[in-house]
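To keep things clear, I will list the structure first and then write my remarks on it.
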2 protein chains.
Amino acid sequence: MSPRIGLDLRAILQAATELADQQGYKEVSLASLAQKLKVRSPSLYNHVNGLTGLRRALALHGLSQLTSDLTSSAVGRSGDEAIRAMSLAYVAYARRHPGLYEATLQAPAEGDAEHKQASQVTLGLISRVLDAYQLSDEMKLHAIRSFRSLLHGFASLEQQGAFKLPLDLDVTLQVLIDTYLAGIVRLQSMPANTEGTQGEVLKHAQQPEED
Amino acid sequence: MSPRIGLDLRAILQAATELADQQGYKEVSLASLAQKLKVRSPSLYNHVNGLTGLRRALALHGLSQLTSDLTSSAVGRSGDEAIRAMSLAYVAYARRHPGLYEATLQAPAEGDAEHKQASQVTLGLISRVLDAYQLSDEMKLHAIRSFRSLLHGFASLEQQGAFKLPLDLDVTLQVLIDTYLAGIVRLQSMPANTEGTQGEVLKHAQQPEED
DNA sequence: TTGTTAAAACTAATGGTATTAGTTATATTA
DNA sequence: TAATATAACTAATACCATTAGTTTTAACAA
């Protein structure tokens, strides 16, 4: 019940990943991918739902790898040490897989539960690491958002070549993380916002989404 | 010596800006722009150097507006107050002009001095505001990079709709900035890195680029 | 007023892209 | 060995950017 077995999703994903990481995410088209695979572009539709589906597949693949790297970096560590390790792992991944990292930034389509789920595995990971700091629920969420902003901002600007002077970027990252860690301690003394509108929000969230 | 005066760069830029901010940056094409202007797309080539030139024009326009907003927010303030005001202005601009903000992220083409110059006006602004903190040259550069990472990361994730829970984003931004400000103070006690390789770099930079 | 001219806007054509419909070919299974 | 499901194909359509070459028109000179 199966004709030629030249292609499968695995081979497609590998070729697309190479294309993205070597030529840039924007260079990934069905045409360029088909050429690389020595196949006509309509053939790809048997394995992937068009360009949109290919990009989604790349995003899922990248998220899976990134989550795996982050998890590995955090196991056996806690507190500051875990935060540091995860930060380095995050930036290292973006450097090693620039195209795939860019793919992971694509927001999930409305109603794409699997993609949303994949995005949120990372959030859960960060959340658990932050448990060590005993923050109020609200402050913890701010801390998570801040951590993501930091990492994404740094990785993204670095990838765009926005930092041009030959001053060690790893040192900048260290400074950034140290600053963040020093700031988290400050948050511990801050109570939840009790002014009403936002306070109860976290408990009553409709879906199990994290943020 | 001039034929029809229906179009000029100003009108094109305004239409493209509306398109970018309302429909999204990715929706800006010569075709969609021409349609909006009730003109055939080849006509645009009389005013703009193709799609690439249009995107460059949008980037310059956005950078100019953003710089203007940041400058206004910083005048009459210094230190923490200036940093806070600039942060709010930055995020407010990204919210008000999502498409144009995305356009400003496009890295300048190699050899495009005007575009590079426009990018670096912002850096100079941040640099002057940070003068108040008396950091070593090296630490100041790390502080600038960190500040940009924070702001860009937050604005970018917010724009992508990455923060879904209904917890006030402005509060998150406050936390983020407060954390940063607390961290800068720590940097004041840190000397320049004297281990050799990076120390002298800033003085010997070939070009007057900032970073 | 009228003719010249420079440049804006046009039409036509080319080549690249994604996508759909319908056909061919082949590996598996009965 | 024959039937079948499906991968990969060809052909066609539509949209995009871009270039070449033509038409039109506003401004200036006579």
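Every chain is numbered from 1 and lettered A, B, ... according to where its sequence line falls, protein lines coming before strand lines.
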Nearest-angstrom distance from the residue atom CG of Leu33(B) to P of dC15(D) = 18 Å

Take the protein atom CG of Asp8(B) and the nucleotide atom P of dA7(C), then report the distance between them rounded to whole Å.
-> 16 Å

How about Asn46(B): does its CG atom have over 12 heavy atoms from other parts shown lying under 6.0 Å from it?
-> yes

Just checking, is any N or O donor in the side chain of Asp80(B) or Tyr133(B) under 3.5 Å from an acceptor N or O on the other one?
-> yes

Mind calculating the distance between NZ (Lys26(A)) and P (dA18(C)) to the nearest angstrom?
-> 15 Å

Please round to the nearest 0.5 Å and tell me the distance separating atom NE2 of His142(B) and atom OG of Ser136(B).
-> 8.0 Å

Kindly give the heavy-atom pair with the smallest separation between Gly50(A) and Tyr45(A), and that separation in Å.
-> CA-CE2, 3.6 Å

Could you check which of dA18(C), dA9(C), dA17(D) has an atom nearest any side-chain atom of His47(B)?
-> dA9(C)

OH of Tyr45(A) versus C1' of dT17(C): gap in Å, rounded?
-> 10 Å

Could you pull out the protein-nucleic contacts involving nucleotides 9-13 of chain D (nitrogen or oxygen on both sides, under 3.5 Å)?
from, atom 1, to, atom 2, distance (Å)
dC9(D), OP2, Arg40(A), N, 2.9
dC9(D), OP2, Ser43(A), OG, 2.5
dT10(D), OP2, Arg40(A), NE, 3.3

Distance, rounded to the nearest Å, where Leu30(A) contributes CG and dG16(C) contributes P | 16 Å

Report yes if some heavy atom in the side chain of Ser149(A) is under 4.5 Å from a heavy atom in the side chain of Phe163(B); otherwise report no.
-> yes

Does Arg96(B) come within less than 4.0 Å of Asp21(B), counting only side-chain N to carboxylate O?
-> no

Length of the CG-P vector between Leu51(A) and dG16(C), whole Å | 18 Å

What residue among Gln117(B), Gln120(B), His115(B) forms side-chain contact (heavy atoms from CB on, under 4.5 Å) with Pro108(B)?
-> His115(B)

How many angstroms lie between atom CG of Asp211(B) and atom OG of Ser119(B), to the nearest 0.5 angstrom?
-> 12.0 Å

Enclosure of Glu18(B) CD (heavy-atom neighbours >12, cutoff 6.0 Å) = yes

Atom CG of Leu44(A) to atom C1' of dT17(C): distance rounded to whole Å?
-> 13 Å

Degree of bending in the helix from dT1(C)-dA30(D) to dA30(C)-dT1(D) once both end axes are built from five pairs, to 10° = 10°

